[in-house]
Every structure is written in structure tokens, then in C-alpha cells.
Amino acid sequence: IFGYLDMQSKFKSIQNDQLFLLPPSIEEFIPEGHLARVISEIVDTFDTRKIEGQYSYQGQKSYHPKILIKLWVYGYTTGTLSGRKIAMKCETDTAYMYLSSMYRPDFRTINDFRKDNIKSFEGYFVAVIKLCRELGMANVGTIALDGTKIRANASAKQMMDKAMYTQWLKEVDTQLADLTQQADALNDTEEQALLNQRGDEMPKQIRKKEILVKRIQQAIEDLKDRDGERRNLTDKDVRLIKSGGQIKPNYNCQGAVTQDGIIVAAYVSNNANDKEQLTPLINQAELNTGKQVENILADSGYASYANYEWLEQQKKTAYIPDQEYEHRDDLKAEPYDRSNFIYAPEKDNYTCPQSKELVFNGIIIDRTRKQKLRIYKGTQCLKCPVKSDCTSGKARQINRDIREPLREKARNLLDSPQGKMIYRRRMTTIEPIWGNIKFNKKITMFQLRGLTKVNGEWMLIAIGNNIQKLMARKEKLKIAA
């Protein structure tokens, strides 16, 4: 008895069958300031009338769209991207219980809502940006651009070109013929051959092969005039894009981020080249915020003569190094690399490392690269003792794009003390956001397939980031008050 009394004095009693004096309120499920409360308040401001109009008055009442939006936004903000997991959490997780108003929607209902309304999240992404602007956030005076690769929900083994699909089709046709022959044999032997089987196993396999044949035939048709190009049978929009040293079916996820960490422009591309993403990102950032972008911070992947020219025309300052600039120390180690030839604007000529001149020799148009080039050639190369180290031609030649002054302007800006200080911000502005998404939230693969749908998922991810930044801002304002 003393041992029993001792235990009673040391521990609180286990009361799984304890009844509440009063029914618990959903409001009591989560504390004040919880992320779920913030998301609920924000989603309540969304205009969902267009989605609501899709529902009928007939039949059983549906879950309100805002309930399902809250579940998905909270899921993507915390790294839960599966409709099944969200459905389970509506039964076991108090935050999800709060957001679902204690309802328990089926996982199919949750998944179907995301699939059917995926484009709506683009508008909600902009709505959250506007809320951030109202709190004095998302100033687009200076923005950082960057892209990150996220794996597609597709197998790399099914990335094939027309020839590979044609060979696969032959193999599947052979398998289909064998299965059909076996099915005919089973029909002939009937019950004696079936034994304990139901009798429908073989037709199911045949139907699967017939569906596969149609999909392969469609893939071959899509690649009819695209020799060498590969397409994925599961997700026709995805492309093979290098990431982390490996080439896999990836999407190129783009973002423009303000100095306070708000994503003000975001979309998904299946183009591995970032050069073509600069203009759309800036235009979208200005459209979403209603403000003009002044300074752009980006890595060398966004550098091109066309981009430098466009930014100059738009009167925007480019803190964007080109690839030669990033590797200039290595290039200068090569004594006769172009970087060691000095251009003199007043004379319009180059001076080589041997102090010999390369003079203007004419203009050519490179239609493939869409460049207008000024040509400079050496005049004393034949007598130069190091000619074989410098060029294999009759004379050393340098092609100078007429927009080269714009690239030189960007380089000079990056070399200035102010430029170095501003460009360093890029590493602490956008890179941590990608790290948070991939490593903290574990979002490394999309759940849906097709460019439109994965773009909607990227909107949800961006909404989650912005809500977390907005929440942190509110906490700072409370502390300051």
C-alpha cells in the first residue's frame, strides 16, 4: 500500500476516460499566434466566389472551398503535400482539425479539389503579396532572381526519343500478341485450365497493354518532327535538366524575392536556361506589386547581352555577373585569353599582351546567336614570336558585340565597393528560401504532373513562404509595440 501511495504522490493520474465538464471549443485546439490561425485568417480574405459557383445546390452539401484551401496552404507551408496524409491529419492533428472545422474530408475530395482548382492558387498568391504590401513588406526596389530545380513526378527511364519509343512499341506489341494468344488458349480449355482463378486476370493484362500501346503511339506522334528530342510518357511537359550534378526529369522553378524574403514573382519552366527567365520574372514582379523594379540581383545564369540591353532600355540597374567575370581569375592565368587583351575606347582597338594592336576590321552579323559583332584583327601577328601560343590563324581576331559596353558597365558596378555590398545580399535573400523549401520542408518532388499543375503547386509553395514571412513580421510589430 505504501508503494501505491508513493506512485500516487509522484505522478499525475492517467484519465483517458475523463469527461469534459463543458464541450471543448475548436478555438481551444491551438494557441494564439499559431501558424494555422494566421493561415485561416488570410484564407478567409480570399475571394472564392468563382470556385463556389462550380458547386450545385442539389445533393449532399459540399465542404466550403475555403476549408480545403486552408488545408492545402497549411500542408504546403509545413511540407505535407499528400492528400491522404492531410485526410489522416484531420483526424489526429489539432491544427488540421481547427482548419477543417472538425470535418473529416475524404482524401479523394481533398486531392480532387487541388487538381480541379490548381490555377486558382495563382490569384491567391497575388492576394497574399497584396497583404504583405499592406504591412509595409514586399518592396520591389531591389529584388533577387534565382531558380531551383525540383524533381518531376515521372521516371527517368521513360524519357525517350522517337526511336526508343518505336522500339518499345514493337516489344509491347509482341507482349500483347502473346497475351492474346494465351487468353484464347484459356478460353478453349475453360474451367479445366482456370482451376481456382476467376478467369478475368488475362483480359486485365491485355487492357493494360492496349492502353500502354496507345500512349506510346501518341508519344511517337508528338515527336514526329522532333528527331533526338526526348519526352516522358508519364509527364509530357517535363524535360531532362541537370541538378546537383545529375541529369533527371526536373522542372526549373523560378522566383523573384524582395529584401525581406517575400516571393513577388514565381512560375515553373521546363527550359533549363535561366537567361530567358529574367524578363518574365521582372514583368510579373511589377504586375503583382504595382511597383517598378529598380535593382536586379542575379547569378551569371541570367547574364546575356540581350538581358543587359533590355535592362538598360528599362532603366534598371543590373547586378548580374557574366560567366567570364565569375571565372576571370582562371582566365587571366591563360596568358593569351581574350580577357588579357585591353580595349581602348578612344582608339577603338585592342592591345595584346605583347603590346601589339588589333585594329577594327569590319562588322559581321551572327544570325544564330543574334549578335552584331565588330571584328578586330592583329596587324603584326606574322612576325610575333609567340604567335603559335596565341592563335592558329594568320592573325589573332577578337569579336566584340556592339553591346559589350553594357556588360562592361555591369562588371564595373560589381567591382565597386557599393556594388560588392549590394550583390552580397543575394546570398542571404533568396538562397535561404530555397534551402528552407528543400531541406526543412523536404519538398524535393512535385506531386502532380504537367506544367500547369506543377506551376499551381509552386504557387502553393510560394504562398507558404510568404505567409511565414508575414507571420514573422507581425510578431516583430507586436514586440515593437
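The shown structure was predicted, so the numbers you read here are calculated from the model rather than taken from an experiment.
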Write down the atom of Gly245, the atom of Lys242, and the distance for their closest heavy-atom approach.
CA-CE, 3.9 Å

Determine whether Leu68 and Arg114 satisfy the following criterion, side-chain contact (heavy atoms from CB on, under 4.5 Å), listing intermediate values before the conclusion.
CA-CA 8 Å; Leu68 298 170; Arg114 175 178 61 176; over 6 Å; no

Indicate whether any N or O donor in one side chain lies under 3.5 Å from an N or O acceptor in the other, for Gln371 and Tyr305.
no

Can you see whether Phe107 has Arg84 sitting over its ring - NZ or CZ less than 6.0 Å from the centre and within 45° of the normal?
yes

May I ask you to say whether Glu52 pairs ionically with Arg49, meaning some side-chain N is under 4.0 Å from a carboxylate O?
no

Donor on one side chain, acceptor on other, Tyr63 and Asp106, under 3.5 Å
no

Within 6.0 angstrom of Gln418 CD, more than 12 heavy atoms from elsewhere
no

Write down the atom of Pro105, the atom of Leu71, and the distance for their closest heavy-atom approach.
CG-CD1, 4.0 Å

Any non-hydrogen side-chain atom of Thr80 less than 4.5 Å from a side-chain atom of Tyr74?
no

I need the minimum non-hydrogen distance between Ile30 and Ala36, along with the two atoms involved.
CD1-CB, 3.7 Å

Among Leu413, Asn295, Asp299, exactly one meets side-chain contact (heavy atoms from CB on, under 4.5 Å) together with Tyr423. Which residue is that?
Asp299

Applying salt bridge (charged side-chain N to carboxylate O under 4.0 Å, His left out) to Glu404 and Arg407, what does each step give before you reach the verdict?
CA-CA 5 Å; Glu404 186 68 24; Arg407 187 166 77 159; 3.2 Å; yes

Taking atom CD1 of Ile26 as the centre, report whether more than 12 heavy atoms of other residues, nucleotides or ligands fall under 6.0 Å from it.
yes

Check: Lys442 side chain, Phe439 main-chain N or O, donor-acceptor pair, under 3.5 Å:
yes

What I want to check is whether the side chains of Asn271 and Ser269 have a donor and an acceptor closer together than 3.5 Å.
no

Heavy atoms of other groups near Lys438 NZ, more than 12 under 6.0 Å:
yes

Residues Asn252 and Gln254: side-chain donor-acceptor under 3.5 angstrom:
yes

Flag side-chain contact, heavy atom, 4.5 Å: Arg37 against Glu27:
yes

Residue pair Glu294, Lys315: steps toward the salt bridge (charged side-chain N to carboxylate O under 4.0 Å, His left out) verdict:
CA-CA 8 Å; Glu294 299 171 2; Lys315 298 180 180 180; over 6 Å; no

Are the side chains of Gln259 and Leu297 in contact, using a 4.5 Å heavy-atom criterion?
yes

Within the distance-only criterion (no hydrogens, no angle test), does the side chain of Asn465 pair as donor or acceptor with the backbone N or O of Gly261 below 3.5 angstrom?
yes

Heavy-atom side-chain proximity of Thr317 to Tyr319 below 4.5 angstrom
yes

Consider only side-chain N and O atoms of Lys248 and Gln246, and report whether a donor and an acceptor are under 3.5 Å apart.
yes

Nearest heavy atoms of Ala95 and His34, plus distance in Å
CB-CE1, 3.9 Å

Taking atom CE of Met445 as the centre, report whether more than 12 heavy atoms of other residues, nucleotides or ligands fall under 6.0 Å from it.
yes

With a 3.5 Å distance limit and no angle check, can you tell me whether Lys70 reaches the backbone of Ser100 through a side-chain donor-acceptor pair?
no

Just wondering, more than 12 heavy atoms not from Lys275 lying within 6.0 Å of its NZ?
yes

Nearest heavy-atom pair of Asn466 and Cys132: which atoms, and what distance?
O-SG, 4.2 Å

Does the side chain of Thr452 pick up a donor-acceptor pair with the side chain of Asn455 at under 3.5 Å?
no

If we ignore hydrogens and angles and just use 3.5 Å, is the side chain of Gln284 paired with the main-chain N or O of Ala266 as donor and acceptor?
yes

Would Arg400 count as a cation-pi partner of Tyr343, with NZ or CZ less than 6.0 Å from the six-membered ring centre and within 45° of the ring normal?
yes

Pair Arg231 + Asp237, salt bridge at N-O below 4.0 Å
no

Determine, for Arg449 against Glu457, whether the closest basic-nitrogen to carboxylate-oxygen distance falls under 4.0 angstrom.
no

Just so I know, are the side chains of Thr48 and His64 near enough to count as touching, which here means a heavy-atom distance under 4.5 Å?
yes

Ignoring hydrogens and angles, tell me if any N or O in the side chain of Arg473 forms a donor-acceptor pair with the backbone of Met137 under 3.5 Å.
no

pair Pro249-Asp235: side-chain heavy atoms closer than 4.5 Å:
no

Check against side-chain contact (heavy atoms from CB on, under 4.5 Å), Val257 and Val264:
CA-CA 6 Å; Val257 178; Val264 290; over 6 Å; no

Taking the six-membered ring for Trp, is the centroid-to-centroid distance between Tyr124 and Phe46 below 6.0 Å?
yes

Heavy-atom nearest pair, Leu81 first then Gly75, reads CD1-O, 4.5 Å

Crowding at NZ, Lys441 (>12 non-hydrogen neighbours, <6.0 Å):
yes

Separation of Arg239 CZ from Arg230 CZ (nearest 0.5 Å)
13.0 Å

State, with a plain yes or no, whether a side-chain heavy atom of Lys149 is found less than 4.5 Å away from one of Tyr251.
no

Verdict with reasoning, Lys316 to Gln292, per side-chain contact (heavy atoms from CB on, under 4.5 Å):
CA-CA 9 Å; Lys316 302 181 190 301; Gln292 292 293 311; 3.5 Å; yes

Does the side chain of Phe113 come within less than 4.5 Å of Trp72's, by heavy atoms?
yes

Ignoring hydrogens and geometry beyond distance, is a side-chain donor-acceptor pair present between Ser300 and Gln323 at under 3.5 Å?
no

Under the criterion side-chain contact (heavy atoms from CB on, under 4.5 Å), I'd like the reasoning laid out for Thr78 against Tyr96: C-alpha separation, chi angles, the key distance, then a yes or no.
CA-CA 11 Å; Thr78 56; Tyr96 282 92; 3.8 Å; yes

Could you check Lys372 against Asp366 for salt bridge (charged side-chain N to carboxylate O under 4.0 Å, His left out), going step by step and ending with a plain yes or no?
CA-CA 6 Å; Lys372 188 175 183 180; Asp366 186 336; over 6 Å; no

Has Lys236 got more than 12 heavy atoms of other residues, nucleotides or ligands less than 6.0 Å from its NZ?
no

Regarding Asn111 and Gln447, is there a side-chain donor-to-acceptor distance under 3.5 Å anywhere?
no

Taking everything shown except Tyr103 itself, do over 12 heavy atoms lie less than 6.0 Å from its OH?
no

Tested for salt bridge (charged side-chain N to carboxylate O under 4.0 Å, His left out) against Asp322, the lone hit among Arg403, Arg328, Arg411 is Arg411

